[in-house]
Asks: 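Dropping a structure here in structure tokens format, bear with me for questions.
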Number of protein chains: 2
Amino acid sequence: MSAQASAQSSEQSAAEKPLRADAQRNRDKILDAARAAFRERGAACSLDEIAKRAGVGAGTLYRHFPTRDDLIDAVMRDWAERIQADCQAVVDSDLPPRMALTEWFNRFVENVGIYQGAAAKLMSAMDDPASPIYRKCQVLVAANTTVLDSVRAKGALRDGVDAREVMRLVSGVASVADSSRLAPAEAAPMLAIILDGILEPDRP
Amino acid sequence: MSAQASAQSSEQSAAEKPLRADAQRNRDKILDAARAAFRERGAACSLDEIAKRAGVGAGTLYRHFPTRDDLIDAVMRDWAERIQADCQAVVDSDLPPRMALTEWFNRFVENVGIYQGAAAKLMSAMDDPASPIYRKCQVLVAANTTVLDSVRAKGALRDGVDAREVMRLVSGVASVADSSRLAPAEAAPMLAIILDGILEPDRP
DNA sequence: ACCTGAACACCGTTCAAGT
DNA sequence: ACCTGAACACCGTTCAAGT
């Protein structure tokens with residue numbers, strides 16, 4: 001069972017008071033069950049089913065995660081780290097601008113597409129500070145800004161290209177890919193258009 | 001009441017056997033109620049509430065519209081006509097390419113954004129022939145192709161730009177605008193990027 | 001301090017009984 | 001031929017009772 005792997009490294013946010021041992025165990029079981037359920041049935045899957053899979057009462061799930069978005073947020077934790085790692089890798093790689101952005105956008109769409117409905121969740125949280133996922137969006141915006149700035153420093157970006165707008169556009173592509181059930185690679189033509197739209201046209 | 005307007009011009013698709021008078025009246029009442037409810041609460045609003053608003057039994061709603069998508073499809077009827085009209089207007093206008101496409105994309109996003117969740121519905125129906133909304137998507141794809149072809153004829157489009165991909169991209173923008181609750185005008189920067197991505201860069 | 005699961009509310013969907 | 005609304009199933013959410 002994959003339950004073991006993450007049950008060992010008790011998943012908890014850095015600066016929070018420690019949970020009682022049994023509570024921590026339940027929290028981990030819920031997260032494992034949620035990850036599996038989201039993967040199979042998408043982010044709209046029944047919370048009751050997740051509780052049952054995790055072998056806990058429904059109330060326990062709600063105690064740990066008052067809303068569905070809180071649960072999604074927790075499940076997204078490792079996922080945000082992966083994106084930050086990708087960002088760093090691309091910036092360090094020193095690839096030519098177009099290749100760097102192609103790589104970055106592709107990974108972005110791939111990462112955002114882990115669960116059906118995850119892309120849509122992200123989009124609606126992006127401008128909603130009240131959403132539990134809002135912070136995760138900030139991380140994405142920051143990573144995207146970092147990558148774009150590194151390309152801008154090479155003079156490859158058109159004037160007036162705003163990282164926020166690019167982020168929205170790419171999220172839109174991720175969402176299209178998600179709801180049309182496109183393979184990640186099938187998003188490439190759309191991403192290519194965006195690239196042509198933000199990169200300085202080849203100069204003689 | 002706005003109910004009167006559309007109750008007079010009994011809304012029925014061209015080639016279908018006529019309904020009994022009372023059935024036709026109920027159908028119209030349901031559509032009016034659905035339009036109002038979708039506008040207020042979005043495309044995910046309770047069907048039961050729509051039936052109540054329309055003053056019919058729940059079963060009557062299901063008799064006329066077996067699935068939620070069938071109802072959405074019917075509500076979208078006049079909406080698709082509006083898009084086709086916009087398409088024709090833009091093609092006939094003989095505006096310079098960039099202005100023509102700006103106009104077209106803006107209207108597209110505006111039209112698709114009538115109801116919360118409508119854009120998402122469209123996206124997922126685009127590649128799903130089994131969906132009742134699929135036909136409506138075909139209309140949109142056709143209109144979009146017409147506009148793009150008219151611009152291509154002027155040599156303003158980059159080589160290899162596919163109408164289908166552009167349609168997907170713009171739907172994605174509409175979806176972002178929808179779920180982030182952006183005003184239609186706020187989609188302009190994203191649309192500008194797409195324009196730069198598909199138009200031939202200015203030549204000296 | 002935390003867990004359980006019965007109980008409630010809400011919504012989609014069906015279908016027997018009615019006109 | 002069509003309509004009604006009670007009935008059922010399913011899901012989210014709460015909370016009294018338990019450890």
Side-chain angles (χ1 to χ4, degrees), chain A residues 3 7 10-13 16-34 36-38 40-75 115-117 121 131-132, chain B residues 3 7 10-13 16-34 36-38 40-75 115-117 121 131-132:
Chain A
S10 71
E11 313 189 40
Q12 222 198 317
S13 69
E16 265 169 35
K17 62 165 189 252
L19 294 172
R20 218 171 64 179
D22 56 340
Q24 180 64 54
R25 217 174 311 131
N26 278 335
R27 210 189 112 98
D28 291 343
K29 282 196 290 185
I30 291 168
L31 283 177
D32 278 329
F38 285 167
E40 292 166 28
R41 305 207 202 284
C45 116
S46 158
L47 295 183
D48 191 58
E49 190 192 314
I50 292 177
K52 281 218 179 71
R53 280 203 199 208
V56 303
T60 303
L61 192 153
Y62 282 91
R63 159 172 282 268
H64 287 290
F65 308 102
T67 72
R68 165 177 250 110
D69 280 1
D70 285 309
L71 180 56
I72 293 179
D73 178 65
V75 163
Y115 310 124
Q116 283 171 37
K121 281 282 173 197
S131 165
Chain B
S10 72
E11 315 190 37
Q12 224 200 313
S13 68
E16 266 169 36
K17 63 161 185 255
L19 293 173
R20 218 170 63 178
D22 56 341
Q24 180 64 53
R25 216 174 312 133
N26 278 336
R27 209 188 114 99
D28 291 343
K29 283 195 290 184
I30 292 170
L31 282 177
D32 278 329
F38 285 167
E40 291 165 29
R41 305 208 203 282
C45 117
S46 157
L47 295 182
D48 191 58
E49 190 191 315
I50 293 177
K52 281 216 180 69
R53 279 205 200 205
V56 303
T60 303
L61 193 154
Y62 282 91
R63 160 171 283 268
H64 286 290
F65 307 103
T67 74
R68 165 176 251 110
D69 280 1
D70 285 310
L71 180 56
I72 293 179
D73 179 65
V75 163
Y115 310 125
Q116 283 170 37
K121 279 282 173 195
S131 164

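By convention in this document, chain letters (A, B, ...) are assigned in the order of the sequence lines, proteins followed by strands, and residues within each chain are numbered from 1.
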Asks: Please check: side-chain N/O of A:R68 versus main-chain N/O of A:A43, any donor-acceptor pairing under 3.5 Å?
Replies: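 The answer is yes, because a donor-acceptor pair under 3.5 Å joins these two groups.
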Asks: Among all residues two or more places apart in sequence or in another chain, which pass the side-chain contact (heavy atoms from CB on, under 4.5 Å) test with A:Y62?
Replies: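 So A:Y62 forms a side-chain contact (heavy atoms from CB on, under 4.5 Å) with A:L47.
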Asks: May I ask you to verify if any side-chain N or O of B:R20 is less than 4.0 angstrom from the OP1 or OP2 atom of D:dA1?
Replies: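 For D:dA1, OP1/OP2 do not have a side-chain N/O of B:R20 under 4.0 Å.
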Asks: Return no unless some side-chain N or O of A:N26 is found under 4.0 Å from OP1 or OP2 of C:dC3.
Replies: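 Answer is yes, contact under 4.0 Å.
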Asks: Rounded to whole Å, please give me the gap between NZ in B:K52 and P in D:dA6.
Replies: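 That distance rounds to 10 Å.
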Asks: Starting from C1' on C:dC11, measure out to CZ on B:R53 and report it in whole angstrom.
Replies: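 It is 16 Å, rounded to the nearest whole Å.
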Asks: Would you tell me if any nitrogen or oxygen in the side chain of A:H64 comes within less than 4.0 Å of OP1 or OP2 on C:dC3?
Replies: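 For C:dC3, OP1 or OP2 has a side-chain N or O of A:H64 closer than 4.0 Å.
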Asks: Name the pairs: protein N/O against N/O of nucleotides 13-16 of chain C, kept only if under 3.5 Å.
Replies:
residue	atom	partner	partner atom	Å
C:dT13	OP2	B:Y62	OH	2.9

Asks: Is any side-chain heavy atom of A:F65 closer than 4.5 Å to a side-chain heavy atom of A:I72?
Replies: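 No, side chains not in contact.
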Asks: So with a 6.0 Å cut-off around CZ of B:R41, is the heavy-atom count from everything else above 12?
Replies: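 At most 12 heavy atoms, drawn from other residues, nucleotides or ligands, come within 6.0 Å of this atom.
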Asks: Under the 3.5 angstrom rule, does the side chain of B:D70 hit a backbone N or O of B:T67 as a donor-acceptor pair?
Replies: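 It does hold such a pair.
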Asks: Side-chain N or O of A:S46 less than 4.0 angstrom from OP1 or OP2 on D:dG12?
Replies: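 Looking at the OP1 and OP2 atoms of D:dG12, one of them is under 4.0 Å from a side-chain N or O of A:S46.
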Asks: Could you tell me how far apart B:I30 (CD1) and C:dG12 (P) are, to the nearest whole angstrom?
Replies: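 One finds 14 Å between P of C:dG12 and CD1 of B:I30, rounded.
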Asks: Please give the stem ranges for DNA chain D, sorted by first residue number, where a stem is three or more consecutive Watson-Crick or G-U pairs and both donor-acceptor distances are under 3.5 Å.
Replies: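 Detected stem regions: C:4-8 with D:12-16, C:12-16 with D:4-8.
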Asks: At their closest point, which heavy atom of A:A51 faces which heavy atom of A:A58, and how far apart are they?
Replies: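 Minimum heavy-atom separation between A:A51 and A:A58: CB-CA, 4.2 Å.
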Asks: Could you give the distance from NE2 (A:H64) to CD (A:Q24), rounded to the nearest 0.5 Å?
Replies: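 Answer for the NE2-CD pair, A:H64 versus A:Q24, is 8.0 Å.
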Asks: Could you go step by step and tell me if B:I50 and B:R53 meet the side-chain contact (heavy atoms from CB on, under 4.5 Å) rule?
Replies: CA-CA 5 Å; B:I50 293 177; B:R53 279 205 200 205; 5.6 Å; no
Asks: Does some side-chain heavy atom of B:D22 sit less than 4.5 Å from a side-chain heavy atom of B:R25?
Replies: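 Yes, side chains in contact.
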Asks: Calculate the interatomic distance between A:F65 atom CZ and C:dC2 atom C1'; express it in whole Å.
Replies: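 The distance from CZ of A:F65 to C1' of C:dC2 comes to 15 Å, rounded to the nearest Å.
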